[in-house]
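Below is one structure, written out as structure tokens; the observations come after it.
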Amino acid sequence: MTVETKLAVTAQDVRSFSEANNEPSWLTELRESALANVETLPLPKPDKTNISKWNFTEFPSHVVESTTYASLEELPKEVKSIVDAEKQHNIYIQHNNTPAYLELSEELKAQGVIMTDIITAAREHSDLVKKYYMTEGVKADDHKLAALHAALVNGGVFVYVPKNVVIEEPLQVVFLHDNADASLFNHVLVVAEANSSVTYVENYLSTIEEAAGQVNIIAEVIVNDNAKVIFGAVDVLAKGLTTYVNRRGILHRDATIEWAAGLMNDGDTISENITHLIGDGSNADSKSVVVGRGDQSQNFTTEIRHWGKASNGYILTHGVMKDSSRAIFNGIGKIEHGATKADAVQESRVLMFSENARGDANPILLIEEDDVTAGHAASVGRVDPIQLYYLMSRGISKEEAERLVIHGFLAPVVNKLPIEGVKKQLTEVIERKVR
Amino acid sequence: MSTLVITDLHVEIDGKEILKGVNLTLNTNEIHAIMGPNGTGKSTLASAIMGHPKYEVTSGSIMLDGEDVLEMEVDERAQAGLFLGMQYPSEISGVTNADFLRSAINARREEGDEISLMKFIRELDKKMEFLEMDLDMAQRYLNEGFSGGEKKRNEILQLMMIKPKFAILDEIDSGLDIDALKVVSKGINEMRGEGFGCLMITHYQRLLNYITPDQVHVMMQGKVVKSGGAELAHKLEAEGYDWIKQELGIEDEETAEQEA
């Protein structure tokens with residue numbers, strides 16, 4: 001059974017929005033045809049979570065107006081603490097649906113690097129965006145939520161790194177959410193051309209306790225031959241927001257992607273992170289950590305699909321479940337026919353902190369080729385009492401011992417984040433959530 | 001001077017009685033060794049003193065300077081001055097050796113009086129050099145991927161950093177090659193003196209070649225059956241345990257169970 005789609009946005013609204021933004025006609029058409037399909041396309045089917053009754057389509061308004069910032073000094077303190085104004089020269093801040101601040105160093109501009117909000121990008125770099133926007137990665141007719149997203153995109157960022165350009169400093173993007181009526185239909189498109197290298201870190205940060213909107217995010221990361229992308233993400237979205245977040249990687253020959261995601265939303269969340277290892281010798285390392293609390297229901301799917309020969313995939317998922325929260329952790333390693341010498345490894349571990357919480361690690365290996373290696377480890381359990389005993393035998397209190405064990409458990413992602421402020425923020429969020 | 005007094009201690013694990021009335025008194029400035037065949041309750045004694053969650057004390061007492069140890073949580077026992085060098089130290093991923101040790105040291109200090117980072121690092125480096133440990137090990141995750149010998153050295157490092165009143169070392173010598181054994185012994189000897197008492201549990205006389213005990217106790221069938229000086233260990237090394245069994249009329253447990 002599916003809930004009837006009561007979409008408040010009409011085809012006319014979508015067209016007006018697109019025209020008001022002077023979008024190129026291909027994008028207007030993409031929106032219109034996607035909208036027409038929303039009704040008929042089925043919802044995605046995250047394994048082991050029934051979302052047929054979740055509300056993905058009702059929200060107070062498509063776009064809200066928010067303030068912009070003339071300098072980093074004007075940022076609210078929660079954002080200031082994750083931005084190192086001294087060191088961070090490449091930064092984009094979106095305030096609800098409003099592009100609010102942008103800084104890109106002259107040096108990177110001179111090298112042809114682009115970082116700008118997605119709608120401006122579609123206007124100013126139409127051909128480039130058109131080439132990659134919902135073509136190789138997620139497609140608008142994949143399912144209802146992809147179609148809804150394609151029709152309603154109202155924010156996001158475009159990052160383009162030309163051939164041979166190596167960016168040392170991380171690019172930082174903050175999506176600040178502080179309006180309870182705002183909905184985020186953000187599209188993030190990161191394109192790394194051959195032999196380039198970039199580190200991109202995004203934050204979804206709610207500074208209000210509860211909200212009523214929808215979050216439907218798609219991030220597409222295209223990594224061309226021999227390029228490398230490190231993609232860090234920390235999601236801290238408020239209770240009441242239903243979130244669908246789809247982060248997709250497309251890797252060509254000898255390309256590498258490292259995902260590091262701290263998924264700390266307080267609302268119901270469907271997160272999908274799929275990496276396609278298309279090219280021979282391509283590599284994906286996908287690490288995510290999760291803390292579930294309250295009565296939220298979440299589903300996390302991390303999949304690496306091997307098409308290229310000698311492609312390597314590694315998935316690590318660590319979750320901490322509290323209160324009466326529920327979460328499914330699907331880890332999928334799929335090796336397609338022809339992907340000889342591929343290596344698919346995954347590890348999912350769930351720590352339970354409450355009798356009423358539920359966490360299921362669901363490791364799946366699908367292998368259609370003989371000459372490959374693959375392995376998985378999965379566990380669901382409580383904090384090992386012997387570990388606590390060991391720590392306490394050195395005089396450390398039970399609370400502190402638990403804190404150390406949890407931090408250690410979530411460290412694989414925390415340590416991976418290249419921006420100090422973001423690392424600290426994730427640590428603090430974890431601290432707050434597990435307390 | 002501090003004193004640890006164990007009186008008529010009975011301990012069960014999973015409903016099976018392992019310790020059947022252990023009596024032992026340990027003072028600071030003394031090193032005692034507990035020897036005995038496998039499965040006689042030596043490690044159980046060590047675990048029961050520290051408060052291992054799987055071991056249940058059914059009767060008897062453990063008093064530290066008149067304070068009831070059995071009433072204390074594990075961390076409180078450590079704060080009171082007890083330390084257990086474990087036979088199988090836990091591995092804790094994501095927590096560095098250095099962070100863990102600092103937490104342990106600061107747990108003993110008041111809030112606002114935490115050890116300064118510089119002072120901590122100086123002391124840690126000094127102790128690691130003394131134990132001939134690679135300084136990188138401070139930044140490695142606690143015991144994760146450590147070899148058997150590295151784990152034991154790390155236990156002694158913790159001992160030297162925490163400086164307890166009483167250390168119980170559970171088979172600290174097992175699985176060590178001779179060089180590692182010398183280093184571990186060096187650490188224990190460094191601690192020896194006023195304000196420090198040690199109870200070493202071992203199968204082997206070998207350790208006692210490097211650390212001369214003040215007293216040696218023999219455990220069999222869940223009790224201390226014989227105590228003596230360092231010469232007792234030499235005699236055990238030369239003659240085994242059979243003479244004690246004969247002297248005290250102890251029958252092997254399997255046989256006794258079969259008869260019953």
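Chain letters run A, B, ... following the sequence lines, proteins first, then strands; residues in each count from 1.
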Non-hydrogen atoms of chain A under 4.5 Å away: do they reach the side chain of [X], the backbone, both or neither?
{"X": "B/L84", "result": "both"}
{"X": "B/Y141", "result": "side chain"}
{"X": "B/L142", "result": "side chain"}
{"X": "B/P89", "result": "both"}
{"X": "B/E76", "result": "neither"}

Counting only heavy atoms not in [X], do more than 12 sit closer than 6.0 Å to its [atom1] atom?
{"X": "B/K54", "atom1": "NZ", "answer": "no"}
{"X": "B/K163", "atom1": "NZ", "answer": "yes"}
{"X": "A/E431", "atom1": "CD", "answer": "yes"}
{"X": "B/R140", "atom1": "CZ", "answer": "yes"}
{"X": "A/E420", "atom1": "CD", "answer": "no"}
{"X": "A/K341", "atom1": "NZ", "answer": "no"}
{"X": "A/K398", "atom1": "NZ", "answer": "no"}
{"X": "A/K322", "atom1": "NZ", "answer": "yes"}

*Which is it for A/L391 and B/I92 under the side chain to side chain contact (heavy atoms under 4.5 Å, CB included) test, yes or no, and what are the steps along the way?*
CA-CA 9 Å; A/L391 294 170; B/I92 302 187; 3.5 Å; yes
Within this structure, what is the [atom1]-[atom2] distance for the pair [X] and [Y], rounded to the nearest 0.5 Å?
{"X": "B/M50", "Y": "A/Y389", "atom1": "CE", "atom2": "OH", "result": "6.5 Å"}
{"X": "B/I168", "Y": "A/S393", "atom1": "CD1", "atom2": "OG", "result": "10.0 Å"}
{"X": "A/L388", "Y": "B/S90", "atom1": "CG", "atom2": "OG", "result": "9.0 Å"}
{"X": "A/L404", "Y": "B/S103", "atom1": "CG", "atom2": "OG", "result": "4.5 Å"}
{"X": "B/Y88", "Y": "A/I386", "atom1": "OH", "atom2": "CD1", "result": "13.5 Å"}
{"X": "B/S93", "Y": "A/Q387", "atom1": "OG", "atom2": "CD", "result": "9.0 Å"}

*Checking A/D384 against chain B: side chain, backbone, both or neither under 4.5 Å from a heavy atom?*
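When you check distances to chain B, no heavy atom of A/D384 falls under 4.5 Å.
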_Pairs of heavy atoms under 4.5 Å with chain A: top-ranked of B/A107, B/A104, B/A80, B/P164_ =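 Counting heavy-atom pairs under 4.5 Å, the top option is B/A104.
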*B/E73, B/H52, B/Q79, B/R77: which one forms the most heavy-atom pairs within less than 4.5 Å of chain A?*
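Between B/E73, B/H52, B/Q79, B/R77, the count favours B/H52.
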_Heavy-atom closest pair, residues A/P385 and B/P53_ =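 Between these two residues, the closest heavy atoms are O-CG, 4.4 Å.
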*Electrostatic pair A/R394:B/E155 at N-O distance under 4.0 angstrom*: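 Salt bridge present between A/R394 and B/E155.
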